[in-house]
Amino acid sequence: MSRLFGTDGVRGLANGEVITADFALRLSQAAARVLRDPEGTEGRRPVAVVGRDPRASGEFLSAAVVAGLASSGIDVLDAGVVPTPAVAFLTAEVHADFGVMLSASHNAMPDNGIKFFATGGHKLPDAVEDAIQAAMDEPPARPTGVDVGRVTVMDDGGTRYVRHLLDAVEPQLEGLTVVIDAAHGAASEVSPEVFRLAGATVHVIGARPDGLNINDGVGSTHLGPLKQAVVQHGADLGIAHDGDADRCLAVDAEGNEIDGDQIMAILALALKDEGALAHDTLVATVMSNLGLIRAMEAAGIIVVQAGVGDRYVLEEMRRGGFSLGGEQSGHVILSQHATTGDGVLTGLMLAARVAGTGRSIAELGAAMTRMPQVLINVKGVDKHRVDGDAGVQAAVSEVETLLADEGRVLLRKSGTEPVVRVMVEASTHEQAQESAERLSVVVKERLAL
């Protein structure tokens, strides 16, 4: 079997070929075998926290996961519908052995996925995920009697998470007007509540999940409604989450997008001012805009680039002892307060910076100048040949020579699809578009399936 796990757990069409109730049961049984610590439970049963986003398929998939864990001798704390970072936080707070989140993040409703957190709320390294996949071929544990796991509804999980956020940031947002777009997802209740408790005047869109409408025309992948709402309400800023609220994008008072790179620039400068930016270093990915790197260098901040995926950002942060990292897509990790990307925490930090400085988010975001960047997804290709194909690499070299020091080229394999992502930055949008299209044609011709 090919590798199940992508950059963010196992994901696919719910009730399709892979993400079925039977698969969820077997995967959770395998995870129970690998993630339990027989030497660390001190006579008690291992404990797992389980949460999900509100998509309809999460109802039967979470039931299968809970059944698989309990039948393997794991006590389950079922937190219900909560954001992904809440599961990570709760796993650490209650000293659970591991956590499980059912979500397909920003994907449309028909998809769903399963991701795991190790003890302490950290994402799993590749080797542990591979061990879980291998364990799916082994017979599951079948304890009986008093050794079967028990299931407890954790009905205060959201409240604990809200309290944690307010304690972590202590923002004073009185006088700010904020629009929250919760993507009809897992943050539909907690994000507006947190901002109100922090003192902001809050308007809310995309916060009526019905199991079918998650990410549907709203949220961080569809910023149009948020832009309109911010202008309509005369708000200071807007905050957009995705379905599981592990990411955050923003909108300024004029309805302009503040992307993940700008968010990282704002927060890096804020933490540096406070003396809280560890080693004066920001961890970004290879997809981050060259403008971010140049702006950080001008401010005396080192930028370390990791592979794409917040798990790889986090690995680099933990390796170097860094306190801030993230992705252009809006996954931002603030390691002083969180073990994974947290869109609600990021939004609070942004709003607190606006309130604390008295400067607009547009002014703060202007700390970096985005270079024109064009990204084209070339579908239906053999992504595994992209690094070794001589024709593709020759075309890349030609474009890099033309761009010189005023741009860059990146070809990246999708973690979950037969797609190669062609990204070009240049001094003008026209040059970036032309170069990206030229490379996309070569990739399509050379790597066609």
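A donor-acceptor contact closer than 3.5 angstrom links the side chains of His106 and Arg247. With hydrogens and angles left out, the side-chain atoms of Tyr161 and Asp342 include a donor and acceptor closer than 3.5 Å.
Minimum heavy-atom separation, Asp246 to Ser105: OD1-OG, 3.8 Å. Nearest heavy-atom pair, Ala432 versus Ala426, reported as atom, atom and distance to 0.1 Å: N-CB, 3.7 Å. Across all non-hydrogen atoms, the minimal contact from Leu350 to Cys248 is CD1-SG, 4.4 Å.
Inter-residue side-chain proximity for Leu249 and Ile258 is flagged as unmet; no heavy-atom pair is nearer than 4.5 Å. The shortest side-chain heavy-atom distance between Ser435 and Val409 does not fall under the 4.5 Å cut-off. The side-chain heavy atoms of Arg160 and Phe89, taken from C-beta on, include a pair separated by under 4.5 Å. At a threshold of 4.5 Å between non-hydrogen side-chain atoms, the residues Met349 and Leu271 count as touching.
Under a 4.0 Å N-O distance rule, the pair Asp310/Lys123 qualifies as a salt bridge. Ion pair Asp97/Arg45 not flagged as a salt bridge, since none of the NZ, NE, NH1 or NH2 atoms sits closer than 4.0 Å to an Asp/Glu carboxylate oxygen. Comment: Arg319 engages Glu316 in a salt bridge, judged by a side-chain N to carboxylate O separation of less than 4.0 angstrom.
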> How far apart are the C-alpha atoms of Met264 and Val332, what are their side-chain angles, what is the distance that settles it, and do they pass the side-chain contact (heavy atoms from CB on, under 4.5 Å) test?
Replying inline: CA-CA 7 Å; Met264 286 190 286; Val332 176; 4.3 Å; yes
>> Run Val422 and Val378 through side-chain contact (heavy atoms from CB on, under 4.5 Å) and show every step you take.
In response: CA-CA 7 Å; Val422 177; Val378 185; 3.9 Å; yes
>> Does Phe195 form a side-chain contact (heavy atoms from CB on, under 4.5 Å) with Ile180? I'd like the steps, not just the answer.
In response: CA-CA 9 Å; Phe195 277 84; Ile180 303 293; 3.7 Å; yes
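A donor-acceptor pair under 3.5 Å is formed between the side chain of Ser71 and the backbone N or O of Ala67. Checked by atom type and distance alone, the side chain of Thr339 pairs as donor or acceptor with a backbone atom of Gly121 at under 3.5 Å. Remark: side-chain polar atoms of Glu257 are not paired, donor with acceptor, to backbone N or O of Ala250 under 3.5 angstrom. In this structure, Gln328 contributes its side chain and Ser288 its backbone to no donor-acceptor pair below 3.5 Å. Formation of a donor-acceptor pair under 3.5 Å by the Arg3 side chain with backbone atoms of Phe5 is found in this model. Judged by distance alone, the side chain of Asn107 and the main-chain N or O of Asp111 form no donor-acceptor pair under 3.5 Å.
Other residues, nucleotides and ligands contribute only 12 or fewer heavy atoms inside 6.0 Å of the CD atom of Glu17.
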